[in-house]
Amino acid sequence: MTAQALTHDIADPASVQRDFRLAMRGIASTVTIVTAGDRERGHGMTATAVSSVSLDPAALLVCIHQKTLLHDIMSSTDGFCVNVLSEDHIDLSNAFSGGVPPADRFLTGDWSETDTGIKYLTSAQARIFCRKQVVVPFGTHTIFIGAVNDVQLADNTSPLLYRNATYCRSTPVAAR
Ligand SMILES: Cc1cc2nc3c(=O)[nH]c(=O)nc-3n(C[C@H](O)[C@H](O)[C@H](O)COP(=O)(O)O)c2cc1C
């Protein structure tokens, strides 16, 4: 079913969109910077719409707005990296969500580059390298599913969370 077909069944799409936005704002998500590119051009963008899809094979998805530069680059290249941010990466999150123009973004932070030209954040809590497998456009966004081909983990596990347009930290309440 397409997005358009779905909205026909909704009595008041505007109010559903408003409430949906509020509901989603209340979900705490870990902040990442998704990077993609090749030797000619590289780009990165702050993203929280990241989810694991499968363990075997290891795969994840990212949802990227179709009007972004990252969308253009991910559509025309094969690989991408999800850089999981820590509490001390707020400046980076702001820079990579429009605070700094694309050409200057990688001047903020400690970035290195793979053989194929994908930038990755050396100080990230985790770096998850993927090969693009499935592309699903839906509404304003596109879901990119990537097969994970390498994971690099740091000792530091203090994720930067985002909820209600505010950066937060995770505080354990109880072990499961
Ligand atoms: C915390 C946070 C999370 C975000 N998550 C996403 C996301 O998952 N997908 C997306 O398309 N944009 C997301 N954005 C918006 C983009 O980072 C922002 O629009 C970006 O500036 C657009 O990319 P460009 O300037 O590289 O074209 C998020 C922004 C913030 C601050």
Side-chain angles (χ1 to χ4, degrees), residues 1-85 92-103 105-106 113-114 116-121 124 126-151 160-165:
M1 190 180 285
T2 64
Q4 195 159 23
L6 277 171
T7 53
H8 276 297
D9 299 336
I10 300 170
D12 184 358
S15 96
V16 168
Q17 274 185 15
R18 185 196 62 227
D19 292 346
F20 175 59
R21 187 188 292 263
L22 289 173
M24 296 310 292
R25 278 168 60 106
I27 295 177
S29 306
T30 299
V31 183
T32 77
I33 294 175
V34 179
T35 48
D38 50 32
R39 295 221 160 271
E40 272 85 58
R41 56 184 191 154
H43 190 54
M45 192 191 91
T46 302
T48 49
V50 175
S51 175
S52 85
V53 170
S54 160
L55 188 57
D56 184 13
L60 59 69
L61 66 79
V62 297
C63 299
I64 304 296
H65 198 291
Q66 288 163 10
K67 289 196 173 148
T68 61
L69 177 56
L70 187 69
H71 187 276
D72 291 350
I73 293 181
M74 287 184 71
S75 298
S76 59
T77 55
D78 284 341
F80 62 92
C81 178
V82 175
N83 300 271
V84 182
L85 299 191
L92 269 176
S93 174
N94 288 334
F96 281 76
S97 55
V100 171
R105 275 186 200 172
F106 291 103
E113 195 172 290
T114 66
T116 57
I118 299 173
K119 300 247 189 331
Y120 60 90
L121 184 66
R127 295 178 291 276
I128 308 170
F129 294 90
C130 300
R131 185 169 190 80
K132 188 175 71 179
Q133 293 281 300
V134 179
V135 177
V136 184
F138 191 94
T140 51
H141 284 60
T142 294
I143 303 163
F144 293 91
I145 298 179
V148 177
N149 51 32
D150 190 20
V151 180
L160 178 62
L161 304 186
Y162 194 70
R163 180 177 178 271
N164 280 332

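All of these numbers come straight from a predicted model, not from anything done at the bench. What you see below is based on every heavy atom in this structure, not just the backbone, and it leaves out hydrogens, waters and symmetry mates.
Within a 6.0 Å radius of CG in Leu22, more than 12 heavy atoms belonging to other residues, nucleotides or ligands are found. Residue-environment remark: CZ (Arg21) stays at or below the threshold of 12 foreign heavy atoms within 6.0 Å.
Counting only N and O atoms by type, the side chains of Thr114 and Arg127 include no donor and acceptor under 3.5 Å apart.
Here the OG1 atom belonging to Thr48 is positioned 13.5 Å from the CZ atom belonging to Arg163, to the nearest 0.5 angstrom. Rounding to the nearest 0.5 angstrom, the gap separating the SG atom in Cys81 from the CD1 atom in Ile128 is 8.0 Å. The structure places CE of Met45 at 8.5 Å from CZ of Arg105, a figure rounded to the nearest 0.5 Å. Rounding to the nearest 0.5 angstrom, the gap separating the CG atom in Leu85 from the OG1 atom in Thr32 is 6.5 Å. The distance from atom CD of Gln66 to atom CG of Asp72, rounded to the nearest 0.5 Å, is 10.5 Å. The CD1 atom of Ile118 sits 10.0 Å away from atom CG of Asn83, with the distance rounded to the nearest 0.5 Å.
Closest approach of Gly79 to Ala36, counting heavy atoms only: O-CB, 3.8 Å. Counting all heavy atoms, side chain and backbone alike, Val34 lies closest to Ala47 at CG2-CB, 3.9 Å. The two atoms that bring Ser93 and Leu160 nearest to each other are CB-CD2, 4.3 Å, heavy atoms only. Scanning all heavy atoms of the two residues, the minimum distance from His71 to His65 falls at CB-O, 3.3 Å. Taking each heavy atom of Val148 and Val151 in turn, the nearest pair found is CG1-CG2, 3.5 Å. The shortest heavy-atom contact between Ala59 and Ile145 is CB-CG2, 4.4 Å.
Between the side chain of Asn94 and the main chain of Ser97, no donor-acceptor pair closer than 3.5 Å is present. Between the side chain of Arg131 and the backbone N or O of Ala147, no donor-acceptor pair lies under 3.5 Å. Of the possible polar contacts, none joining the Lys132 side chain to the Phe80 backbone as a donor-acceptor pair under 3.5 Å is found.
Taking the ring pair (Phe, Tyr, Trp, His ring centres under 6.0 Å) definition, one finds that Phe129 meets it with Tyr120, sequence neighbours left out.
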* To do: Could you check Leu61 against Cys63 for side-chain contact (heavy atoms from CB on, under 4.5 Å), going step by step and ending with a plain yes or no?
  => CA-CA 7 Å; Leu61 66 79; Cys63 299; 4.0 Å; yes

* To do: Could you walk me through whether Tyr162 and Thr46 pass side-chain contact (heavy atoms from CB on, under 4.5 Å), step by step?
  => CA-CA 11 Å; Tyr162 194 70; Thr46 302; over 6 Å; no

* Apply the test side-chain contact (heavy atoms from CB on, under 4.5 Å) to residues Val62 and Val50: give CA-CA distance (whole Å), side-chain angles for both, the deciding distance (0.1 Å), then the verdict. => CA-CA 4 Å; Val62 297; Val50 175; 3.8 Å; yes

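Taking 4.5 Å as the limit, every side-chain heavy atom of Met74 sits out of range of all side-chain heavy atoms of His43.
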